[in-house]
Amino acid sequence: MSFLNLLKGFVKTRILPYKPLRISKVVWNQQFSDGHWDYLKNNEEVARYGVILSLISHYFGNEVSILDLGCGTGIICEKLDQKYSYYTGVDLSDEAIKQASEKSNKKTEFLAEDLLKYIPTRKYDIVVFNESLYYFEKPLELLKKFSNFLNNNGMIIISMWDNKERNNKIWKTIDKTFTPKDQIFLSHHAGKGWFIKTYFINGKNA
Ligand SMILES: C[S@@+](CC[C@H](N)C(=O)[O-])C[C@H]1O[C@@H](n2cnc3c(N)ncnc32)[C@H](O)[C@@H]1O
């Protein structure tokens, strides 16, 4: 790598301010109805969901309440296969929520809400941000807000793909405030990679 490229990388990752990915609700709806996000069900993504499922079952077993923030069409919920006591999926896109809602039942709800405004009506064992945190201007503020809705000894799981330029800035900010318990890097030979981290905000695992 040339010195110029190294310098560009340094400036982008260390000096330029964090900028969220911006997608409007209209575009999310369009993308979900066009099937743009269907690739999340492809082979390359399976391991990412698998890690999240393993962490949930390792720490909490099947009697677990989960708040899935930016849940999309509820892929995690589908893969959990009812192994939870309560699941709430929240997403900005009505279209994603419409598709997810096929999975609704007595212990499974999906809500079309903007996370910036949404206030949970109960507490949960786990809050999940699965590839959703980098769409927000103030990811740490959002984490702090939803950490107030965790049960004692509750856990936050965050997955973000390996976009160093943007996401390393988010990790740095989060890790200054909360101490990660698990820090997993997952790579797929197709060239994709993700960091998945857990945070226990209060209680014995913290
Ligand atoms: C890349 S998708 C990930 C979907 C899902 N978590 C998964 O991994 O299968 C990001 C999701 O974040 C949602 N999202 C973005 N901004 C949001 C907001 N302000 N409030 C709620 N959801 C939002 C999008 O609608 C989209 O479904």
Side-chain angles (χ1 to χ4, degrees), residues 18-56 66-81 84 87-104 108-121 124 126-149 155-163 165-167 170-171 174 184 186-188 190 192-198:
Y18 161 70
K19 275 198 189 144
L21 253 181
R22 288 183 196 284
I23 301 183
S24 70
K25 183 173 174 174
V26 174
V27 173
W28 279 119
N29 280 336
Q30 191 62 53
Q31 290 184 343
F32 277 109
S33 70
D34 289 351
H36 171 86
W37 293 98
D38 287 356
Y39 79 86
L40 293 177
K41 294 181 182 154
N42 291 355
N43 293 358
E44 306 96 77
E45 304 283 332
V46 168
R48 169 167 67 83
Y49 291 103
V51 169
I52 296 173
L53 294 176
S54 305
L55 290 165
I56 293 174
I66 301 168
L67 178 61
D68 185 3
L69 298 171
C71 64
T73 58
I75 299 178
I76 275 282
C77 174
E78 191 170 330
K79 290 179 186 288
L80 278 162
D81 198 20
Y84 49 81
Y87 171 97
T88 302
V90 186
D91 202 282
L92 181 66
S93 162
D94 324 284
E95 176 57 31
I97 290 299
K98 193 173 117 199
Q99 294 178 25
S101 293
E102 289 171 8
K103 296 175 265 288
S104 300
T108 312
E109 64 172 349
F110 289 96
L111 308 171
E113 299 265 6
D114 185 339
L115 294 186
L116 294 175
K117 297 183 191 148
Y118 169 65
I119 308 289
T121 53
Y124 294 85
I126 302 181
V127 167
V128 181
F129 285 95
N130 186 12
E131 302 301 317
S132 54
L133 205 50
Y134 39 79
Y135 296 103
F136 295 89
E137 189 96 39
K138 296 180 177 166
L140 181 62
E141 298 310 308
L142 207 66
L143 271 189
K144 284 182 180 166
K145 167 178 155 181
F146 287 106
S147 68
N148 292 323
F149 296 94
M155 169 174 80
I156 293 178
I157 304 180
I158 303 171
S159 169
M160 292 197 284
W161 67 285
D162 185 25
N163 174 311
E165 189 184 324
R166 182 178 47 244
N167 297 344
I170 305 183
W171 287 126
I174 297 170
I184 298 156
L186 178 69
S187 72
H188 190 280
K192 294 184 161 192
W194 301 268
F195 277 101
I196 299 164
K197 300 196 189 189
T198 60

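Both counts, for ligands and for their atoms, begin at 1 and track the order of listing. Because the structure is a prediction, the values reported are computed rather than measured.
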**Q** Going by the order shown, which atoms of ligand 1 are within less than 4.0 Å of some heavy atom of W37?
**A**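 Those of ligand 1 that fall under 4.0 Å from W37 are 1 (C).
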
**Q** What do we get for S159 next to ligand 1 when only non-hydrogen atoms under 4.0 Å count, side chain, backbone, both or neither?
**A**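 Contact part for S159 vs ligand 1: neither.
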
**Q** E113 heavy atoms, cut-off 4.0 Å: which ligand 1 atoms fall inside?
**A** 20 (N), 21 (C)

**Q** Quick one: which ligand 1 atoms are inside 4.0 Å of a heavy atom on S132?
**A** 12 (O)

**Q** Given that the side chain starts at C-beta and the backbone is N, CA, C, O, which of these parts of Y118 lies under 4.0 Å from ligand 1, counting heavy atoms, or is it both or neither?
**A** neither

**Q** Return yes when F32 approaches ligand 1 closer than 4.0 angstrom through a heavy atom, no otherwise.
**A** yes

**Q** If the test is side chain to side chain contact (heavy atoms under 4.5 Å, CB included), which one of I52, L55, I156, I56 qualifies with I126?
**A**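 Answer to the side chain to side chain contact (heavy atoms under 4.5 Å, CB included) test with I126 among I52, L55, I156, I56: I56.
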
**Q** When you look for heavy atoms under 4.0 Å from ligand 1, do you find them on the side chain of L40, its backbone, both, or neither?
**A**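 The part of L40 near ligand 1 is the side chain, not the backbone.
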
**Q** At a non-hydrogen distance cut-off of under 4.0 Å, which region of R48 contacts ligand 1 (side chain, backbone, both, or neither)?
**A**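 It is the side chain that touches ligand 1; the backbone stays farther off.
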
**Q** At the 4.0 Å heavy-atom cut-off, does L116 count as touching ligand 1?
**A**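 Under 4.0 Å: no for L116.
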
**Q** Between E137, E131, K79, which one has a non-hydrogen atom sitting closest to atom 2 (S) of ligand 1?
**A** E131

**Q** Heavy-atom contact check, 4.0 Å cutoff: does F136 meet ligand 1?
**A**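 F136: in contact with ligand 1 (<4.0 Å).
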
**Q** Just need the protein heavy atom nearest to atom 13 (C) of ligand 1, so name the residue and atom and give the distance.
**A**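 Of every protein heavy atom, D91 OD2, 3.3 Å lies nearest to atom 13 (C) of ligand 1.
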
